[in-house]
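Residue indices begin at 1 and follow the sequence shown. Numbering of ligands and ligand atoms starts at 1, following listing order.
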Amino acid sequence: MTTPTESKETAEASKEPVVHILWINAGLSCDGDSVALTAASQPSIEEIVLGALPGLPKVAVHWPLIDFESGPVQGTDVFIEWFFKADRGELDPFVLVVEGSIPNEGIKAEGYWCGFGNDPETGQPMTTSQWLDRLAPKATAVLAAGTCATYGGIHAMAGNPTGAMGVADYLGWDWRSKAGLPIVNVPGCPIQPDNLSETIVYLLYQVAGQAPMIPLDEALRPTWLFGQTVHEGCDRAGYYEQGQFATEYGSPKCLVKIGCWGPVVKCNVPKRGWMNGIGGCPNVGGICIACTMPGFPDKFMPFMDEPPGARISSAASSAYGGVVRTLRSITLRTADKEPKWRKRGRELLTGYRAPW
Ligand code: SF4
Ligand code: SF4
């Protein structure tokens, strides 16, 4: 956001250490993750930037989405200059956030798939790959934001002309920053807003020496966010267990037969909601299309067909679910009535006996 330019300057002038966040949204991207972050509330990006959380280092966020600096090269407020500063080794520490997938610039003779700013030496556009080559070795941490940046995503689907890939595919899955951090992947298409802001905060605490190594799984996702499946956090799972399945949209029942991939997808959105606990996907009637998964989208299309693996388990739950429902309905009828001693009269019917 920077915060307005002046707050960056104020932070620098006070000589307090400043952690810069350099945000590249010039991958193959729709900026949806940037937009999503503006909806975060636990914490909000404003709280991060204004240092509202105890112990958080001062930060200066260089974020193209809403940065006040947008002037051209050679202008007075040159947004891109922060990236050149980092390249020259004048910004330390900084966290590099990448949004959008990385196209394969090696498959064509001239031109470029994507980039931003011009190389001062050649006057030619700087590709996103060149920025990664230059900045990743100097970054304290690299965060890939969104499924495109993490695993390639929609832009990397079969038939695409760019050969797009995720940041880890480009830099290497074993890549480590100069501080020893792996690439941190926060997938989602777009990212659940608080998943991203929480991860940014974690990294800032870690950079400030106040948090241990961020726990990541084999796909480099924060484990506290992506350790469970959609199904495990879906409030329609009770219907699944009882063998009650929607056959059309608008039903409150489990959506697996109309395309929900929740049982095999790592994501916390139904449990967490989208903004302030409101919204989501299958919990509010939309099939989970597995947008956080490395195999997205190709391995889950066509989205509105029943996932092949769901047939066996849903057939099983249909069979035993009928029996379970019958038994539960008997218990429910009993539990739905008050105990018989709760009534007016001259006689105490609760079973109480005086202890003397
Ligand atoms: S709607 Fe999807 S995630 Fe929810 S219970 Fe059914 S299969 Fe699981
Ligand atoms: S529940 Fe499914 S579709 Fe919704 S955000 Fe998570 S992975 Fe994506």
(message) Restricting to non-hydrogen atoms, name the atom on L196 and the atom on W23 that form the minimum distance, rounded to 0.1 Å.
(response) CD2-CH2, 3.8 Å
(request) Note the single closest protein heavy atom to atom 3 (S) of ligand 2, along with its residue, its atom name and the distance in Å. (result) I289 N, 3.4 Å
(request) Keeping the roles fixed (side chain from Y202, backbone from A211), state whether a donor-acceptor pair exists under 3.5 Å. (result) no
(request) Walk me through it: do E241 and R328 pass the test salt bridge (charged side-chain N to carboxylate O under 4.0 Å, His left out)? (result) CA-CA 12 Å; E241 186 219 6; R328 281 183 185 156; 2.9 Å; yes
(message) If the cut-off is 4.0 Å to any non-hydrogen atom of V230, which atoms of ligand 2 fall inside it?
(response) 1 (S)
(message) Need the ligand 2 atom indices (1-based, order shown) with element for anything under 4.0 Å from a heavy-atom of T292.
(response) 7 (S)
(message) Using a 4.0 Å cut-off to any heavy atom of V265, which atoms of ligand 2 qualify?
(response) 7 (S)
(request) Do me a favour and list the nearest non-hydrogen protein atom to atom 6 (Fe) of ligand 2 with residue, atom name and distance? (result) C267 SG, 2.3 Å
(request) Using a 4.0 Å heavy-atom threshold (strictly under), name the region of C260 that reaches ligand 1: side chain, backbone, both or neither. (result) side chain
(request) Of the side chain and backbone of A310, name the one, both, or neither that has a heavy atom under 4.0 Å from an atom of ligand 1. (result) neither
(message) Considering non-hydrogen atoms of the protein only, which is the closest contact for atom 5 (S) of ligand 2, and what is the distance?
(response) C291 SG, 3.5 Å
(message) With heavy-atom distances below 4.0 Å as the criterion, list the atoms of ligand 2 near C281.
(response) 1 (S), 3 (S), 4 (Fe), 5 (S)
(message) Counting only heavy atoms, tell me which of A246, C254, G262 gets closest to atom 7 (S) of ligand 1.
(response) C254
(request) Kindly indicate whether the side chain of F94, heavy atoms from C-beta on, has any atom under 4.5 Å from the side chain of T140. (result) no
(message) Just to check, does C288 reach to within less than 4.0 Å of ligand 1 when the distance is taken from its heavy atoms?
(response) no
